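A quick note: this is a predicted structure, and the numbers were derived from the prediction, not measured.
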Amino acid sequence: MKFINATTCAWKHAIGEDGPKPDPDPAPNRLLTLEQWHAVRAHWPQDVPVAIEFPNDADINQLAPDLSRIALVVLDFPKWTDGRAYSQAHLLRIRHQYKGAIRARGEVLVDMMQLLARTGFDEVVMRGDQSQAAAQKALDLFAPVGFYQGDVDETRPWFLRRSAA
């Protein structure tokens, strides 16, 4: 898992004088809202990487036609009890075979690290009061043994992995 500092992150919003630009010009490392992406996707160059902030109440399948052009999908956890972004990440990895980065942001807590990793996230922006060291420790807790259930990295349950060995 990659821990991201939001203030030093290379991906930047397209902001104008009055807030987010409704139709930003293509530039490397642009972080666009879904609305901005819909406004510019027809003329966005194929070779310019883009990141999309995707709301957790929208259908992730609408990104499917553009996934080859998207380097990073940022999924939101507005509350730590709202798990819709887990499902979105899982669908991106399993159904759509998305190979780009998936970032969790918002109310991201240490307690969520295992499930974030197992559902396809590879980057996190943790809530300010959370410890990166504790988050790494949580991630390493089951690493030597693994999990009984399958996940996005190993879809077979433990008993099938064991019988194949």
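Follow the hydrophobic side-chain contacts under 4.5 Å out from W44 and you never reach W11; the two are in separate clusters. Note on L31: it does not cluster hydrophobically with F3, by side-chain heavy-atom contacts below 4.5 Å among ILVMFWY residues. Put simply, L109 and V125 are part of two different groups of oily side chains (I, L, V, M, F, W, Y) that touch within less than 4.5 Å, one to the next. Tracing side-chain contacts under 4.5 Å through hydrophobic residues (I, L, V, M, F, W, Y), one never reaches I4 starting from L115; they form parts of separate clusters.
Checked by atom type and distance alone, the side chain of Q136 never pairs as donor or acceptor with a backbone atom of S131 at under 3.5 Å. Q114 places no side-chain N or O within 3.5 Å of a backbone atom of D111 that could act as its donor or acceptor partner. R105 places no side-chain N or O within 3.5 Å of a backbone atom of F77 that could act as its donor or acceptor partner.
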Go through it in stages, so that I can follow the logic: the residues are L75 and F121, the test is side chain to side chain contact (heavy atoms under 4.5 Å, CB included), and I'd like the CA-CA distance, side-chain angles, deciding distance and then a yes or no. CA-CA 9 Å; L75 300 176; F121 288 91; 3.8 Å; yes
Show your working on side chain to side chain contact (heavy atoms under 4.5 Å, CB included) between K99 and S68 and close with a plain yes or no. CA-CA 9 Å; K99 301 296 183 206; S68 63; over 6 Å; no
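With salt bridges taken as basic N to acidic carboxylate O contacts below 4.0 Å, none links D47 and R69. Look at E107 and R127 and you find a salt bridge, because one of the NZ, NE, NH1 or NH2 atoms lies within 4.0 Å of a carboxylate O, short of that distance. Here K2 does not pair with D122 in a salt bridge; the nearest charged N to carboxylate O distance is not below 4.0 Å. The pair D57-R84 does not meet the salt-bridge criterion, since no charged nitrogen lies less than 4.0 angstrom from a carboxylate oxygen.
Counting heavy atoms of neighbouring residues, nucleotides and ligands inside a 6.0 Å radius, atom NZ of K12 exceeds 12 of them.
Atom CG of L63 and atom CD1 of I70 lie 4.5 Å apart (nearest 0.5 Å). The CD1 atom of I60 sits 13.5 Å away from the NE2 atom of H90 when rounded to the nearest 0.5 Å.
With contacts defined as side-chain heavy-atom distances shorter than 4.5 Å, the pair L32/V40 qualifies. No side-chain heavy atom of V74 sits under 4.5 Å from any side-chain heavy atom of I52. Counting only heavy atoms from C-beta outward, the side chains of M1 and V124 approach each other to under 4.5 Å. For the pair R118/Y86, no side-chain contact is recorded, criterion being any heavy-atom separation below 4.5 Å from C-beta on. Put simply, the side chain of Q88 does not reach to within 4.5 Å of the side chain of P55, judged on heavy atoms. With contacts defined as side-chain heavy-atom distances shorter than 4.5 Å, the pair T33/F54 does not qualify. H38 has its side chain within reach of Q62: a pair of non-hydrogen atoms, C-beta onward, lies under 4.5 Å apart. Side-chain atoms of T119 and I102, non-hydrogen and from C-beta on, never get closer than 4.5 Å to each other.
When K21, Q36, R30, E53 are each tested for a side chain to side chain donor-acceptor pair (under 3.5 Å) with H13, only one passes: E53.
The two residues Q130 and V108 make their nearest non-hydrogen contact at CG-O, 3.7 Å. Here the shortest heavy-atom pairing between G100 and R93 reads O-NH1, 2.7 Å. Nearest approach of G106 to D76, heavy atoms of both residues: CA-OD1, 4.0 Å. Of all the heavy atoms in N61 and H96, the pair that sits closest is OD1-NE2, 2.7 Å. Listed here is the closest heavy atom pair of P22 and A39: O-CB, 3.5 Å. Across P78 and N56, no two heavy atoms sit closer than the pair CD-ND2, 3.3 Å.
Under the 3.5 Å distance criterion, with hydrogens and angles disregarded, a donor-acceptor pair is assigned to the side chains of D66 and W37.
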